[in-house]
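For reference, the structure discussed in these notes is given below.
This is a predicted model, so every value here is computed, not measured. In listed order, ligands and their atoms are each counted from 1. In what follows, residues are counted from 1 in the order of the sequence shown.
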Amino acid sequence: MTMNLRVAHLYGDLMNTYGDIGNILTLRFYADQIGVTVTDQIISLEDDFKADDFDFAVFGGGQDFEQMVVAKDLPNKRDELIKFIEQNKPLIAVCGGYQMLGKYYVDASGRKLPGIHAMNHYTEQQHENRFIGDIEIQNEATGQKYHGFENHQGITFLGEDEHALGKVLKGYGNNGEDQTEGAVHKNTIGTYFHGPIMARNGNFSIHMMFEALQNKYPDYDFTELKTKVKPESY
Ligand code: GLN
């Protein structure tokens, strides 16, 4: 049986800071090892997004100007994106993408951009400061440590029905105050990690790949395939 994962690269032509597209390349790298094919498609301004057409999605980071452009288009995709998220399909949303899935984002000039409220976090403005540098967190459920690079002006606060991706060991994370980094709701992961997150954190990537596969092929027993793929570490 040939298995395939169809990836939606949300606004990949606008939101792709620090090579966030590397998340898709990493998914393909691990999928290759178990004979799973990965196809990807940019879904951008005025494109139709249908939850049923995709098994995995990546929404990268961006600068404030691009976020302003995307904020105008995103409401058209809101219902299908919420459907995708609630179907438990993996969505990796990085930095600007993470901010836009929440309630709102206040940019560096103080402009408040509405998010689509697919998740309950919100992002306030930091005054004349950015959080820049290497970051390390620990996922409290698995004990795994994740490494990344952050560069953001916005400071994010978690809402109900979401928990952090990890506890900050080094760096700033969501807001520099509460030691949380990222947000998890179902299989949607919001994070400030560039790097890209999947390339630098093999365990995380493999976990997300099998979540997508299990979701798409619920009757298949993945036990043996799981032994065939080993995480790279960087
Ligand atoms: N423009 C947003 C901020 O500065 C997101 C930045 C990013 O995606 N790296 O917070």
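- Using modelled atom types and a 3.5 Å distance limit, the side chains of Asn203 and Tyr146 yield no donor-acceptor pair.
- Checked against the 6.0 Å centroid threshold, Phe84 and Phe54 do not count as a close aromatic pair.
- At least one heavy atom of Arg130 sits less than 4.0 Å from an atom of ligand 1.
- Between Asn215 and Asn187 the shortest side-chain heavy-atom distance does not fall below 4.5 Å.
- For the residue pair Tyr192 / Thr156, a side-chain donor-acceptor distance below 3.5 Å is found, with atom types taken as modelled.
- Summary of contacts: the protein heavy atom closest to atom 7 (C) of ligand 1 is Cys95 SG, 2.8 Å.
- Judged by distance alone, the side chain of Asn139 and the main-chain N or O of Leu165 form a donor-acceptor pair under 3.5 Å.
- Backbone and side-chain nitrogen or oxygen atoms of Gly62 are examined, and one is located within less than 3.5 angstrom of a nitrogen or oxygen of ligand 1.
- Atom numbering of ligand 1 starts at 1 in the shown order; those under 4.0 Å from a heavy atom of Gly61 are 8 (O).
- For ligand 1, the polar-atom distance check finds an N/O of Asn151 within less than 3.5 Å of one of the ligand's N/O atoms.
- Using a 4.0 Å cut-off between heavy atoms, Gln99 contacts ligand 1 through its side chain alone, with no backbone atom that close.
- Remark: ligand 1 and Gly154 share an N or O pair separated by less than 3.5 Å (distance only, no angle test).
- Residue, atom and distance of the protein heavy atom nearest to atom 2 (C) of ligand 1 are Gln67 OE1, 3.0 Å.
- Contacts between Tyr105 and ligand 1 below 4.0 angstrom, taking non-hydrogen atoms only, involve the side chain exclusively.
- The shell of residues lying under 4.0 angstrom from ligand 1, judged by heavy atoms, includes His194.
- Aromatic ring centres of His121 and Tyr98 lie closer together than 6.0 Å.
- Of the candidates Met198, Glu136, Glu181, Glu181 is the only one forming a side-chain contact (heavy atoms from CB on, under 4.5 Å) with Phe193.
- A donor-acceptor pair under 3.5 Å is absent between the side-chain atoms of Asp20 and the main chain of Asn23, judged by distance alone.
- For the pair Gln153 and ligand 1, the shortest N or O to N or O distance falls below 3.5 Å.
- Taking a cut-off of under 4.0 Å to the non-hydrogen atoms of Asp64, the atoms of ligand 1 that pass are 1 (N), 2 (C).
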